Amino acid sequence: MNWEKFNPLMFLMALGAGGISVIPFAIFQYTTEHGKGLVTLSQMGTDSLAFISEKEMESVLGIDNKASLILVKLSTIGTEDKFRKDFAELGISEDMKTWQEKIGGIIGTIAGTFNLLTMITTLVSLIIAAVIILVIIYINTVNKRKQIGILKAIGIDQEVIIFSYIFQALFYCIAGIFFGLLLIWGLTNIFTQNPIPFPMGEVSPIITFPLLAKSSISLLLISLIGGFLPSWQTARQSILDSIWG
Amino acid sequence: MIEIKNLKKIYDMGAIKVKALNDISINIEKGEFVALMGASGSGKSTFLHQVGLLDSPTSGDIIIDNINVLDLSEKEKTLFRLNKLGYVFQEYAILEELTALENVYLPVLMMGKSKQECIAAAKEVLEKVGLGDRMDHFQKELSGGQQQRVAIARALVNKPKILFADEATANLDTKSSIQILELFRELNKKYGQTIIMVTHENFHKKYVDRIIYLKDGKVIKNME
Ligand SMILES: Nc1ncnc2c1ncn2[C@@H]1O[C@H](COP(=O)(O)OP(=O)(O)OP(=O)(O)O)[C@@H](O)[C@H]1O
Ligand SMILES: [Mg+2]
């Protein structure tokens with residue numbers, strides 16, 4: 001057998017569960033193994049590996065409780081850097097890589113593409129939201145031009161009038177944030193239960209709090225501007241222009 | 001109470017200058033009910049806008065309650081209108097999203113009063129204009145005459161020194177117009193409310209104390 005061309009996956013597939021295989025360790029050592037089953041994670045890197053138990057490995061390699069690599073699974077994704085810092089503070093000076101750095105290459109590029117897509121869609125939705133809020137408040141103020149003029153005439157302060165429209169815009173904004181969060185929650189749930197298969201593994205969306213906070217605050221700011229601009233534009237007109245113009 | 005000296009309002013239309021008010025000087029006393037009459041384009045509305053601080057004249061003085069109101073800043077003018085002046089326009093222009101009561105208590109709220117005080121003041125004046133049983137109605141649930149009475153109540157709620165009305169009954173039928181005129185007269189007689197009213201209708205003359213006739217921006221007749 002040509003060990004250099006050895007592909008454990010093809011080998012195990014050909015063998016099937018229960019068959020006997022010879023797995024090469026460190027080129028010179030051999031062990032005889034029973035194929036226990038096939039691992040399918042639809043993840044390229046994993047599916048083409050053969051797995052053996054820790055006990056088996058230690059007996060073959062003659063080592064005990066040693067590892068060349070430790071994988072740490074975090075309960076929340078997106079906190080990699082914080083943990084790296086924490087580990088460093090605990091005095092661990094070994095080389096530490098986040099999953100993005102470790103995987104690198106094509107997956108890193110794909111992850112980057114996803115991030116870029118997220119940024120673009122966020123930006124586009126924010127622009128759409130801004131325009132919609134601007135248009136709604138603009139139409140409202142134009143329709144109420146005469147009323148705004150009369151309110152100013154009877155002594156209602158211009159700022160109070162502008163504030164009432166900003167308040168209206170904020171109402172739309174908060175409703176938008178609420179429904180947006182609901183939608184995100186629903187979609188994340190669906191895609192977590194039914195991840196999208198990709199060659200390098202299954203992909204499901206992850207929403208982090210900083211992302212949500214950033215989007216919500218941006219929407220809030222945009223609504224403030226969207227409420228202020230048109231109402232200010234209408235409210236600053238002279239009273240007579242508003243009433244009769 | 002109102003002293004108007006050499007009031008001029010000239011609209012500069014480029015080639016021509018329209019002298020909408022051409023040197024008007026008159027006094028109006030506290031408690032007077034005055035009608036402004038004259039042909040269309042004679043300057044009645046323009047006069048009311050200047051005296052009511054809705055616009056700024058080209059020259060002249062307007063002294064209300066010993067204050068030269070033309071010296072006030074825009075913000076001070078807004079406050080002056082809120083505190084001392086009341087307006088009724090041809091369009092009733094009450095807010096459709098609010099009930100009659102809420103429409104009337106809005107100007108009181110702007111004065112920084114508590115909600116109870118606002119409601120009490122608004123109720124009192126709505127009773128006065130005969131809408132005690134329509135307080136919770138919205139605009140669309142009120143007749144034209146009733147809407148105009150809400151607007152009058154809103155104009156009166158802060159107890160203004162002067163009530164201005166520019167063709168306040170022009171959109172109403174004769175019966176509703178008479179009700180409004182009688183309300184004005186009652187407010188004037190019973191509470192001493194000063195009222196300056198623009199009108200075209202000859203039958204309105206019998207309700208007022210004094211009529212000022214305008215023609216081409218000048219006072220041509222001033223009769224008690
Ligand atoms: N914004 C304006 N720009 C230019 N000219 C104006 C303006 N407003 C009014 N005028 C002119 O000033 C004059 C007086 O107008 P005003 O509206 O005071 O008349 P009025 O007596 O109220 O008339 P009506 O009975 O029709 O309401 C008119 O000749 C009018 O064309
Ligand atoms: Mg007029």
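Labels below follow one simple rule: chain letters A, B, ... track the order of the sequence lines, proteins then strands, and each chain is numbered from 1. Quick caveat: nothing in here was measured; it's all calculated off a predicted structure.
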Test side chain to side chain contact (heavy atoms under 4.5 Å, CB included) on R81(B) and I239(A); report intermediate values, then the result. CA-CA 12 Å; R81(B) 289 198 299 269; I239(A) 294 172; 3.4 Å; yes
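Surrounding CG of N66(B) are at most 12 heavy atoms belonging to other residues, nucleotides or ligands under 6.0 Å away. Within 6.0 Å of CD1 on I70(A) lie no more than 12 heavy atoms contributed by other residues, nucleotides or ligands. Within a 6.0 Å radius of CZ in F171(A), other residues, nucleotides and ligands contribute 12 heavy atoms or fewer. With a 6.0 Å radius and a threshold of 12 heavy atoms from other residues, nucleotides or ligands, F163(A) has its CZ atom at or below the threshold. For Y138(A), the OH atom sits in a loose shell: 12 or fewer heavy atoms of surrounding residues, nucleotides or ligands are nearer than 6.0 Å.
Residue Q158(A): no heavy atom, backbone or side chain, is found under 4.5 Å from chain B. For a residue to count as touching a neighbouring chain, one of its non-hydrogen atoms must lie under 4.5 Å from one of that chain's; by this rule L54(B) touches chain A with backbone and side chain alike. Contacts between K75(B) and chain A at a heavy-atom distance below 4.5 Å involve the side chain alone, from C-beta outward.
Residues of residues 139-160 of chain B having a heavy atom under 4.5 Å from any heavy atom of chain A, listed by number: R154(B). Applying a 4.5 Å heavy-atom cutoff, the residues of residues 96-121 of chain B that approach chain A are E96(B), E97(B), L106(B), P107(B), M110(B).
Here the straight-line distance linking atom CG of L85(B) with atom CD1 of I154(A) works out to 12.0 Å at 0.5 Å rounding. Atoms CG and CG, from L240(A) and D55(B) in turn, are 4.5 Å apart once rounded to the nearest 0.5 Å. Separating the NZ atom in K152(A) from the CG atom in L82(B) is a distance of 14.5 Å, to the nearest 0.5 Å. Here the CG-CD distance, from L95(B) to Q147(A), works out to 4.5 Å after rounding to the nearest 0.5 Å.
Contact between Y87(B) and A153(A) at its shortest, heavy atoms only, is CE1-O, 3.2 Å.
For the set E74(B), E91(B), K77(B), the entry with the most heavy-atom pairs within less than 4.5 Å of chain A is E91(B).
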